[in-house]
Structure formats: C-alpha cells, structure tokens
*Asks:* 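Dropping the structure in here first, questions after.
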Amino acid sequence: GLEDGHGRELSCPYGQPGDRLWVREATIKVEDHGYEGPVYVESDEGRACLEGGLAPDIDDCVEVEPYELRIRTSIHMPRAYSRITLEITGVRVERLQDISEEDAEAEGCPECEVCHDVGWINSGPDGGWQCTAKGCGDAYREQYERLWESINGPGSWDANPWVWVIEFKRIKP
C-alpha cells in the first residue's frame with residue numbers, strides 16, 4: 001500500500017483499484033412538466049430543450065418554454081440516472097507540480113476553437129467555457145496550472161500541495 005514517508009499507511013478517500021464510481025451529470029428537470037427523464041444538459045436532446053423548450057407530444061404534456069425549465073445540478077442527480085461508470089485502475093500520491101505533460105493533457109482542458117489552444121476554464125456555475133490562453137502553443141501543464149489556480153485561488157499552484165492521483169477506465173454498459 002501507500003505510505004506517508006513516516007511508515008504510516010495512507011488510505012485514499014476516493015477509492016481503491018477495482019472500485020467502481022458512477023458519474024454525476026446535470027440534468028433538466030423535465031419530470032416537473034410531466035415528461036419522462038432523464039435529459040442530460042450535455043447532450044443533443046438537452047441542448048435542444050434549453051434552446052427551444054419542450055413541445056407537446058403523444059403523451060399530451062403541455063408546451064414548456066426554455067425559461068420554465070429547471071436544472072438539476074450534478075450533486076443532486078439520482079444514481080439511477082447515471083450513464084457513465086468508471087473503474088479505478090490506480091491510486092498514488094504526488095506533489096501537484098510533479099504532474100506530467102501527459103497527465104495534464106488527460107485532465108481534459110478542451111481545445112479553443114479559435115486559437116486551437118487548450119487554455120479553457122469553466123467560467124462558473126452558469127456554465128460556459130472561457131479561453132485563458134496567453135498564446136498558442138502553451139504546454140498542457142502550463143494550461144493545467146492556470147486551470148488549477150482558477151479553481152483553487154491565487155498562489156495555490158505555488159503551494160505545491162500533495163494530491164491524490166486517481167487513474168481509471170470507463171466501463172462500457
């Protein structure tokens with residue numbers, strides 16, 4: 001197992017290899033209007049609902065305008081709605097700044113469609129992404145540093161804390 005350098009066993013609070021995790025996603029509360037869910041915000045159906053609302057169907061539900069729709073945040077998504085399962089394949093502890101270029105890329109910063117850089121950060125609870133690139137060609141690790149600071153605050157990268165690194169694979173349904 002993992003030790004803390006003083007002979008004490010460390011137990012990862014996020015799980016161990018072989019554990020399975022279910023992924024929570026934001027969903028649209030279509031059930032409030034008599035429709036059958038789930039409708040995931042990040043899906044073609046979800047984007048269409050948020051743009052055009054819900055139209056009456058053969059189930060005789062009422063028409064619902066986009067502004068009438070409510071979002072169920074991911075933290076409140078029921079387990080039954082989960083469509084993604086992950087299996088933990090590895091767990092380790094390392095200093096934040098020891099992240100490799102490959103692991104920083106795997107963190108998943110999306111590529112900017114304008115400058116084709118990877119320096120996008122989530123702009124907040126209302127969603128949307130904002131490009132933070134200083135210039136095209138920045139390394140993924142540099143982009144991850146900016147992402148880390150945008151989430152954890154100024155100076156959080158320089159503090160170089162110990163972090164849990166959880167590796168996983170997606171389990172096909």
Side-chain angles (χ1 to χ4, degrees), residues 1-3 9-31 35-51 69-133 137-152 156-157 160-173:
L2 296 172
E3 291 187 4
E9 183 81 16
L10 294 174
S11 178
C12 177
Y14 306 108
Q16 298 298 320
D19 288 354
R20 292 196 172 182
L21 310 172
W22 58 282
V23 176
R24 297 175 188 240
E25 298 178 73
T27 54
I28 301 169
K29 296 176 90 176
V30 297
E31 307 84 17
Y35 289 81
E36 190 173 322
V39 174
Y40 304 95
V41 170
E42 290 300 323
S43 69
D44 291 342
E45 183 182 13
R47 286 184 281 279
C49 285
L50 292 175
E51 186 176 311
L69 294 171
R70 293 178 38 212
I71 303 292
R72 176 186 295 106
T73 59
S74 60
I75 193 70
H76 296 294
M77 185 189 90
R79 169 67 180 101
Y81 283 7
S82 179
R83 60 182 177 165
I84 301 171
T85 302
L86 307 175
E87 182 177 309
I88 297 177
T89 59
V91 174
R92 68 181 187 275
V93 177
E94 69 181 22
R95 289 284 192 178
L96 173 64
Q97 292 181 17
D98 290 340
I99 189 170
S100 69
E101 189 71 14
E102 294 76 23
D103 284 348
E105 180 179 3
E107 286 294 324
C109 293
E111 181 178 282
C112 174
E113 293 177 11
V114 177
C115 68
H116 301 288
D117 208 332
V118 293
W120 285 47
I121 59 166
N122 192 315
S123 64
D126 295 333
W129 292 85
Q130 175 184 355
C131 185
T132 61
D138 279 346
Y140 283 99
R141 197 173 171 285
E142 292 166 341
Q143 296 295 352
Y144 185 68
E145 176 183 344
R146 286 199 285 280
L147 174 62
W148 181 274
E149 291 235 333
S150 76
I151 294 168
N152 298 288
S156 58
W157 177 265
N160 199 21
W162 288 98
V163 295
W164 287 103
V165 180
I166 314 297
E167 296 172 331
F168 56 87
K169 64 180 179 183
R170 186 170 179 171
I171 303 297
K172 300 292 182 191

*Asks:* Using a 4.5 Å cut-off on heavy atoms from C-beta on, say whether the side chain of Val165 contacts that of Val93.
*Replies:*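 The answer is no, as the side chains (C-beta and beyond) never meet within the 4.5 Å cut-off.
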
*Asks:* Partners of Tyr81 by side chain to side chain donor-acceptor pair (under 3.5 Å), sequence neighbours excluded?
*Replies:*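 Scan of Tyr81 (side chain to side chain donor-acceptor pair (under 3.5 Å), adjacent residues dropped) gives Glu31.
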
*Asks:* Does some side-chain heavy atom of Asn160 sit less than 4.5 Å from a side-chain heavy atom of Asp98?
*Replies:* no

*Asks:* Can you check whether Gln16 reaches Ser11 side chain to side chain, under 4.5 Å on heavy atoms?
*Replies:* yes

*Asks:* Using modelled atom types only, decide if a donor and an acceptor are shared between the side chain of Glu149 and the backbone of Trp157 within a distance under 3.5 Å.
*Replies:* yes

*Asks:* Check this for me: Arg95, atom CZ, are more than 12 non-hydrogen atoms of other residues, nucleotides or ligands nearer than 6.0 Å?
*Replies:* yes

*Asks:* Sub-3.5 Å donor-acceptor pair from the side chain of Thr27 to the main-chain atoms of Val39, do we have one?
*Replies:* no

*Asks:* Would you check, one step at a time, whether the test side-chain contact (heavy atoms from CB on, under 4.5 Å) holds for Glu94 with Ile99?
*Replies:* CA-CA 8 Å; Glu94 69 181 22; Ile99 189 170; 4.3 Å; yes

*Asks:* Can you name the closest pair of heavy atoms from His76 and Arg24 and give their distance?
*Replies:*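 Heavy atoms only, the tightest pair is N-NH1, 4.4 Å.
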
*Asks:* Would you find a donor on one side and an acceptor on the other, under 3.5 Å apart, between the side chain of Arg141 and the backbone of Gln97?
*Replies:* yes

*Asks:* Measuring from Leu50:CG to Glu45:CD, what's the distance to the nearest 0.5 Å?
*Replies:* 10.5 Å

*Asks:* Specify the closest pair of heavy atoms between Tyr144 and Ala104, including all atoms of both residues, with the distance to one decimal.
*Replies:*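 The answer is CB-CB, 4.0 Å.
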
*Asks:* Donor-acceptor pair, Ser43 side chain versus Tyr40 backbone, under 3.5 Å?
*Replies:*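 Yes: the side chain of Ser43 pairs with the backbone of Tyr40.
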
*Asks:* To the nearest 0.5 Å, tell me how far Arg70 CZ sits from Lys29 NZ.
*Replies:* 4.0 Å

*Asks:* Identify the two heavy atoms, one from Cys12 and one from Val91, that lie closest to each other, and give their separation to 0.1 Å.
*Replies:* CB-CG1, 3.6 Å

*Asks:* Compare every heavy atom of Ser156 with every heavy atom of Leu96, then report the nearest pair and how far apart it is.
*Replies:* CD2-O, 4.1 Å

*Asks:* I need the minimum non-hydrogen distance between Glu25 and Ile84, along with the two atoms involved.
*Replies:*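 Here Glu25 and Ile84 meet closest at OE2-CD1, 4.1 Å.
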
*Asks:* How many angstroms lie between atom CD1 of Ile166 and atom CD1 of Ile88, to the nearest 0.5 angstrom?
*Replies:* 5.5 Å

*Asks:* Would you check if Leu86 and Ile171 make a side-chain contact, meaning some heavy-atom pair closer than 4.5 Å?
*Replies:*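 The answer is no; the side chains never approach within 4.5 Å.
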
*Asks:* Please determine whether the number of non-hydrogen atoms from other residues, nucleotides or ligands lying under 6.0 Å from atom CD1 of Ile151 exceeds 12.
*Replies:*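 Yes.
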
*Asks:* Determine yes or no for a side-chain-to-main-chain donor-acceptor pair under 3.5 angstrom, with Thr73 supplying the side chain and Ala26 the backbone.
*Replies:*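 Side chain of Thr73 to backbone of Ala26: no pair is present.
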
*Asks:* Work out which heavy atom in Asp19 is nearest to a heavy atom in Gly15; give both atom names and the distance.
*Replies:*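 Heavy atoms only, the tightest pair is OD2-CA, 3.3 Å.
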
*Asks:* Once side chain to side chain donor-acceptor pair (under 3.5 Å) is applied, do any residues pair with Glu87, and if so which ones, sequence neighbours excluded?
*Replies:*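 Partners of Glu87 by the side chain to side chain donor-acceptor pair (under 3.5 Å) criterion, ordered by chain and then number, come out as Arg20.
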
*Asks:* Between Val163 and Trp148, is there a side-chain heavy-atom distance shorter than 4.5 Å?
*Replies:*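 Side chain of Trp148 against side chain of Val163, heavy atoms only: contact under 4.5 Å found.
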
*Asks:* Flag the pair Thr85 / Val23 as yes when at least one side-chain heavy-atom distance between them is below 4.5 Å, and no otherwise.
*Replies:* no

